[in-house]
Amino acid sequence: MDLVVRTEHGAVRGTANDELSIFRGIPYAAPLDGARRFQAPVAPERWEGVRDALEFSGSVPQPAVIPGFPPSWNPGDSTDCLSVNVWTPDRGGGLPVMVWFHGGAYLGGTAADYDPALFAQAGVVAVTVNYRVGYEGFGWVADAPSNRGILDQLAALRWVRDNIAAFGGDPGNVTIFGESAGATSVATLIGGSTRSGLFRRAIAQSVGSLYCAEDEARKLSELIVGPLGVPATAEELAAVPSEAIHSAQLPVMAEQNENRADWTNSTPYAVILDGAVLDDLPWVALRTGAGRDVDLISGYTADEARMFTVDLPAEDKDPVLMAQRLRLDPSVVGRYRAGYPGIEDAELFSLILSDQLFRMPSLWSAEAHALAGGRSYAYEFAWSSPVRGGAFGAHHGLDVPFTFGTVADALGKAMFGGEVPPDFEDLSAELREAWVSFATTGDPGWPAYTVADRSARVWNVPPTVVADPIKVSREIWQHRFQA
């Protein structure tokens, strides 16, 4: 069965089954033709008649990021790629809305990889979003605003505000959620000055250390664009094929891997502290009261960096060298060893990196929000992957299949080796129930985070509530939070 819904830009035709109505590939911004590839998003043109919303749009330009996975984008793909997808159980109105921003280190990712049908079946209107990544989204351009990928997200949220009621959603009860770069975007949107009441609640799953100053962003971008022989203006860059930029950024990424001092991610792209989208690091902005009226869940996986470090040569897993690279006081390694008795060097190396990359930014976001009087909740995802005898632990991104309840897709197969763990269904359902409850009422089902007790949900089998679950790491890094 098909059905038609009117949006402010024209009517769209979706599909329906006994449970859900689904609309795919609805444009929230104009195609990325010409100089628009590198400019702020603009509204799409209105269309006459009924536009089919039966298939996902093409993905935004990006290289093949993950070896062994098919590319999400290929040269020649449609430029009409800034789109949203909507799943709704009831177009009658008044349902809470959940908007998902995917991860991918601001290098890649596509909304088509995520199926939020189980959220919709639980009674919310679920929306997934394509936004620009790579140079198009986050590279420095002399005559265009920074953070165009974030501006895309804001444009998508304005589309939700103006149109979601027609799909059964309540525009006054929107929850944004995302993982990794998506969580970094969530923290940016809360801490920034441009959200303008577009959402009421937020869930940040592994906020990353993906922020940089304007000067740093410009220098990195010049390293990429310089060999191409064109000025970094929207018009000049528009003449350069996306795949040429992807090739030009590879040596920059390789050099970062060799020389990087902060071990963030092997990506030249990050949210730029531009004074427009974001003035300061989110946990600094939150501590001063930014986004105080937004309810927040922020958390991390217990072993975030394990998947990045497990196959490194043993001689490269030196925690002392790691501390030096992160510009930490030499005494830090001793404090880690005292706080985690018996920890081996390889595991300590991974733990320090986990703290720097994701655990501290996620915890700081929750704590800063609580300190400013916002309603804040923290969690740790501690369920350990059985793959390779448990070598990866509760690694980065492991929570995503649990969030969506999907193990049969490419990501699930890669994480679980093609088998469904026996406790997957129960833990997935409990986590999703908490997310839906939070989106509906603001209460996920465990105590709010306060500096008095620092209660956090620990997602494992069974889920528990623990006070200050990473106290040792938190205290070691407290000077960075307070700086």
Side-chain angles (χ1 to χ4, degrees), residues 63-69 103-108 180-181 206 208-210 220 223 246-247 249-270 300-361 381-400 410-411 413-418 470 472-473 476-477:
V65 176
I66 305 177
F69 282 73
Y106 293 134
L107 273 173
S180 194
S206 299
S209 297
L210 285 172
L220 282 170
L223 290 174
H246 300 159
S247 296
Q249 72 194 18
L250 287 175
V252 177
M253 293 167 61
E255 185 174 349
Q256 280 185 300
N257 281 334
E258 288 291 327
N259 302 319
R260 59 187 174 178
D262 59 357
W263 273 80
T264 51
N265 275 315
S266 55
T267 171
Y269 304 113
Y300 52 85
T301 68
D303 307 299
E304 291 276 6
R306 191 84 68 83
M307 67 183 296
F308 309 130
T309 64
V310 68
D311 290 325
L312 290 175
E315 60 270 21
D316 289 346
K317 300 178 185 180
D318 182 349
V320 175
L321 180 58
M322 172 62 72
Q324 291 173 351
R325 283 172 168 164
L326 298 178
R327 302 183 182 92
L328 295 171
D329 188 275
S331 66
V332 158
V333 175
R335 293 178 65 189
Y336 266 107
R337 286 180 173 141
Y340 298 95
I343 192 169
E344 297 181 357
D345 278 2
E347 186 177 355
L348 178 53
F349 176 91
S350 178
L351 175 59
I352 296 173
L353 183 56
S354 294
D355 283 343
Q356 188 269 335
L357 284 178
F358 299 107
R359 297 197 337 159
M360 290 304 108
F381 188 90
W383 186 91
S384 184
S385 169
V387 172
R388 286 178 54 177
F392 293 135
H395 62 80
H396 184 65
L398 184 61
D399 52 325
V400 175
L411 183 63
K413 289 177 181 177
M415 288 190 176
F416 303 124
I470 54 171
V472 172
S473 292
I476 287 172
W477 287 84

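Count residues from 1 along the sequence.
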Is [Y] close to [X] at the side-chain level, that is, under 4.5 Å between some pair of heavy atoms?
X: I470; Y: Y300; result: yes
X: Y340; Y: L348; result: no
X: D316; Y: F349; result: no
X: L326; Y: W477; result: yes
X: P361; Y: Q356; result: no

Go through the structure and list residues passing side chain to side chain contact (heavy atoms under 4.5 Å, CB included) with P341, not counting sequence neighbours.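 Testing P341 for side chain to side chain contact (heavy atoms under 4.5 Å, CB included), a comparison that skips the adjacent residues, returns none.
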Which atom pair, heavy atoms only, marks the closest approach of [X] to [Y]?
X: A382; Y: A302; value: CA-CB, 4.1 Å
X: S354; Y: R306; value: OG-N, 4.4 Å
X: P268; Y: L220; value: O-CD1, 3.7 Å
X: S384; Y: G390; value: OG-O, 4.2 Å
X: L210; Y: Y269; value: CD2-O, 3.9 Å
X: A105; Y: A181; value: N-CB, 3.7 Å

Please answer whether the main-chain N or O of [Y] pairs with a side-chain N or O of [X] as donor and acceptor at a distance below 3.5 Å.
X: D303; Y: G393; result: no
X: E304; Y: T301; result: yes
X: S209; Y: L357; result: yes

Kindly compute the distance separating [atom1] ([X]) from [atom2] ([Y]), expressed to the nearest 0.5 Å.
X: S350; Y: M307; atom1: OG; atom2: CE; answer: 11.0 Å
X: M322; Y: L351; atom1: CE; atom2: CG; answer: 10.5 Å
X: L312; Y: K317; atom1: CG; atom2: NZ; answer: 6.0 Å
X: L328; Y: Y336; atom1: CG; atom2: OH; answer: 7.0 Å
X: L107; Y: M253; atom1: CG; atom2: CE; answer: 5.0 Å
X: D329; Y: I476; atom1: CG; atom2: CD1; answer: 11.0 Å

Take L398 and M415 through the side-chain contact (heavy atoms from CB on, under 4.5 Å) test and state the conclusion after the steps. CA-CA 7 Å; L398 184 61; M415 288 190 176; 4.1 Å; yes
Step-by-step salt bridge (charged side-chain N to carboxylate O under 4.0 Å, His left out) determination, R337 to D345: CA-CA 9 Å; R337 286 180 173 141; D345 278 2; 2.7 Å; yes
Test of understanding: with side chain to side chain donor-acceptor pair (under 3.5 Å), list the residues that count as partners of R335, not counting sequence neighbours.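 Testing R335 for side chain to side chain donor-acceptor pair (under 3.5 Å), a comparison that skips the adjacent residues, returns none.
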Would you kindly say whether H395 and S385 are connected by a side-chain donor-acceptor distance under 3.5 Å?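 No, no side-chain donor-acceptor pair sits under 3.5 Å.
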Strictly below 4.0 Å, N to O, side chains only: are D311 and R388 in salt-bridge contact?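 Looking at D311 and R388, the cut-off is met.
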In terms of ring plane angle, is the pair F416 and W383 parallel, tilted or perpendicular, where the classes change at 30° and 60°?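 The arrangement is perpendicular - the two ring planes meet at more than 60°.
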